[in-house]
Chemist: 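Dumping the structure here so I can ask a few things about it.
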Amino acid sequence: MIVWLNGTHGAGKTTTSALVQQLIPDSRVFDAEKVGVTLMDITPPLPSTGNFQDWPPWRPLVVETARRVLEYTGGTLVMPMTVLVERYWREISTGLSQHAIPVRHFVLHADQDTLRGRIEGDTVLGPSPFRLHYLEPYAEAARTWLHSEAEVIDTTHLTPGQTALRIAEAVKS
């Protein structure tokens with residue numbers, strides 16, 4: 001099974017994924033961003049797009065990597081990854097479905113002011129114009145398709161531990 005944690009930057013995906021992994025037996029965290037980083041390391045570089053998710057190889061490589069890891073280890077993959085383009089989500093979720101891999105899709109949500117505050121006050125990564133840039137695309141995806149495709153957890157007033165517990169309980173039930 002895959003537990004996919006979606007949502008924009010500042011929602012708490014990375015922190016929560018590590019905590020979810022501790023609560024679900026036989027689980028591992030797989031950050032699909034690493035697939036994008038691998039593609040960014042190709043030289044000469046792939047055509048510039050502004051986001052590695054726009055590269056056609058990224059999506060099937062995420063599916064294939066997840067499939068191969070689950071085939072090798074079994075268990076559950078916890079995947080913290082923002083996907084805001086509906087067509088990309090459909091490609092990934094359909095690819096996983098074709099391999100009979102069940103997906104529990106969660107969106108970690110917070111209001112725009114909370115997200116902005118978290119990003120601007122991030123003591124690890126620091127304030128990030130890149131991360132702030134995705135607030136409006138997230139809001140648009142949430143309004144148009146994303147929230148209807150997932151189990152939404154409002155993290156505005158939750159700690160990462162409380163969020164992880166809600167996800168783990170939902171997955172186990």
Side-chain angles (χ1 to χ4, degrees), residues 1-24 27-41 46 49-73 75-99 101-110 115 118-119 122 124-125 128 130-142 144-155 160 163-164 166-168 170-171:
M1 167 188 282
I2 290 175
V3 176
W4 194 291
L5 304 185
N6 206 338
T8 195
H9 305 282
K13 296 179 307 298
T14 301
T15 302
T16 301
S17 67
L19 298 171
V20 168
Q21 186 273 322
Q22 294 171 16
L23 296 170
I24 297 177
S27 65
R28 291 169 171 72
V29 175
F30 166 41
D31 186 346
E33 186 169 331
K34 303 301 184 197
V35 175
V37 170
T38 298
L39 292 173
M40 288 189 299
D41 285 344
L46 298 176
T49 65
N51 186 329
F52 59 73
Q53 290 186 15
D54 296 329
W55 287 326
W58 180 77
R59 299 172 302 277
L61 284 171
V62 167
V63 170
E64 187 63 14
T65 304
R67 179 181 80 84
R68 294 292 182 151
V69 170
L70 285 172
E71 185 178 85
Y72 179 63
T73 65
T76 300
L77 286 182
V78 180
M79 295 181 63
M81 187 71 220
T82 301
V83 179
L84 301 179
V85 177
E86 183 177 10
R87 181 171 55 88
Y88 297 172
W89 174 251
R90 297 259 180 259
E91 189 175 333
I92 291 166
S93 60
T94 299
L96 294 168
S97 176
Q98 288 172 342
H99 294 291
I101 300 170
V103 177
R104 288 293 294 270
H105 184 199
F106 295 90
V107 170
L108 306 188
H109 175 78
L115 292 168
R118 288 176 183 172
I119 292 167
D122 190 320
V124 176
L125 298 174
S128 166
F130 174 83
R131 294 170 77 205
L132 288 169
H133 169 78
Y134 283 93
L135 292 180
E136 185 48 43
Y138 166 73
E140 178 65 18
T144 58
W145 71 273
L146 183 58
H147 282 195
S148 64
E149 292 290 321
E151 300 170 61
V152 179
I153 299 178
D154 189 334
T155 67
T163 303
R166 285 191 185 185
I167 292 166
V171 168

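Numbering of residues begins at 1 and proceeds along the displayed sequence.
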Chemist: May I ask you to decide whether Glu64 forms a salt bridge with Arg59, counting only side-chain N to carboxylate O separations under 4.0 Å?
Modeler: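 No, no charged N to carboxylate O under 4.0 Å.
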Chemist: Using a 4.5 Å cut-off on heavy atoms from C-beta on, say whether the side chain of Ser93 contacts that of Val103.
Modeler: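 When only atoms from C-beta onward are counted, Ser93 and Val103 do not touch, as no gap falls below 4.5 Å.
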Chemist: Ignoring hydrogens and angles, tell me if any N or O in the side chain of Arg28 forms a donor-acceptor pair with the backbone of Val69 under 3.5 Å.
Modeler: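 A pair under 3.5 Å: no.
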Chemist: Any donor and acceptor pair, going by atom type alone, linking the side chain of Glu151 with main-chain N or O of Phe106 inside 3.5 Å?
Modeler: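 Side chain of Glu151 to backbone of Phe106: no pair is present.
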Chemist: Are any of the side-chain heavy atoms of Ile167 and Leu108 separated by less than 4.5 Å?
Modeler: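 Heavy-atom side-chain distance check passes, below 4.5 Å.
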Chemist: Working note: Leu39 + Leu61, criterion side-chain contact (heavy atoms from CB on, under 4.5 Å); need CA distance, chi angles, decisive distance, verdict.
Modeler: CA-CA 10 Å; Leu39 292 173; Leu61 284 171; 4.0 Å; yes
Chemist: At their closest point, which heavy atom of Leu96 faces which heavy atom of Val63, and how far apart are they?
Modeler: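 Closest heavy-atom pair between Leu96 and Val63: N-CG1, 3.9 Å.
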Chemist: Going by the side-chain contact (heavy atoms from CB on, under 4.5 Å) test, name the single residue among Leu115, Asp122, Thr8 that passes it with Arg131.
Modeler: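 Going through Leu115, Asp122, Thr8 one by one, the side-chain contact (heavy atoms from CB on, under 4.5 Å) with Arg131 is satisfied by Asp122 alone.
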Chemist: Can you name the nearest heavy-atom pair linking Met79 to Ala66, along with the distance?
Modeler: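 Here Met79 and Ala66 meet closest at SD-CB, 4.3 Å.
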Chemist: Which pair of heavy atoms, one from Phe30 and one from Pro80, lies closest together, and at what distance?
Modeler: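 For Phe30 and Pro80, the tightest heavy-atom pair comes out as O-CD, 3.6 Å.
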Chemist: Counting distance only, does the side-chain N/O of Thr38 pair as donor-acceptor with the main-chain N or O of Lys34 below 3.5 Å?
Modeler: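 Yes; judged by distance alone, with no hydrogens or angles, the pair exists.
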Chemist: With a 6.0 Å cut-off (strictly less than), is the heavy-atom count around CZ of Arg67, excluding the residue itself, greater than 12?
Modeler: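 More than 12 heavy atoms, drawn from other residues, nucleotides or ligands, come within 6.0 Å of this atom.
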Chemist: Would you say Thr65's side chain and Val62's backbone share a donor-acceptor pair under 3.5 angstrom?
Modeler: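 No.
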Chemist: Are Tyr138 and His9 close enough that their ring centers fall under 6.0 Å?
Modeler: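 That pair fails the under 6.0 Å test.
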Chemist: Just say parallel, tilted or perpendicular for the rings of Trp89 and Trp4, cut-offs at 30° and 60°.
Modeler: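 It falls in the perpendicular class, over 60°.
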Chemist: Please lay out, stage by stage, how Ile119 and Leu135 fare under the test side-chain contact (heavy atoms from CB on, under 4.5 Å).
Modeler: CA-CA 10 Å; Ile119 292 167; Leu135 292 180; 4.0 Å; yes
Chemist: Keeping the roles fixed (side chain from Thr155, backbone from Ala11), state whether a donor-acceptor pair exists under 3.5 Å.
Modeler: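 Flag set: sc Thr155 to bb Ala11 pair under 3.5 Å.
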Chemist: Tell me whether Ser148 contacts the main-chain N or O of Trp145 through its side chain, where contact means a donor paired with an acceptor under 3.5 Å.
Modeler: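 Yes; judged by distance alone, with no hydrogens or angles, the pair exists.
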Chemist: For Ala110 and Arg118, work out which heavy atoms get closest and say how close.
Modeler: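 Nearest pair, atom of Ala110 first, then Arg118: CB-NH1, 3.9 Å.
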Chemist: Evaluate the side-chain proximity of Leu146 to Thr144: yes if any heavy-atom separation is below 4.5 Å, no if none is.
Modeler: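 Of all side-chain heavy-atom pairs linking Leu146 with Thr144, none is under 4.5 Å.
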Chemist: Treating His147 as the side-chain partner and Val152 as the backbone partner, does any N or O pair qualify as donor plus acceptor under 3.5 Å?
Modeler: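 Side chain of His147 to backbone of Val152, a donor-acceptor pair under 3.5 Å: no, none is there.
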Chemist: Is the side chain of Thr94 donor-acceptor paired with the backbone N or O of Glu91 at a distance under 3.5 Å, no angle test?
Modeler: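 Looks like no, no N/O pair under 3.5 Å.
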Chemist: Do you know which of Asn6, Thr82, Asp154 makes side-chain contact (heavy atoms from CB on, under 4.5 Å) with Val107?
Modeler: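 Of all the options given, the one that passes is Asn6.
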Chemist: Is there a side-chain contact between Met81 and Lys13, using heavy atoms and a 4.5 Å cut-off?
Modeler: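 Met81 does not reach Lys13 side chain to side chain.
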Chemist: Write down the atom of Gln53, the atom of Tyr88, and the distance for their closest heavy-atom approach.
Modeler: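 Taking every non-hydrogen atom into account, O-CE1, 3.4 Å.
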Chemist: If you compare all heavy atoms of Leu70 against all heavy atoms of Gly75, which two are closest, and at what distance to 0.1 Å?
Modeler: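 That would be CD2-O, 3.5 Å.
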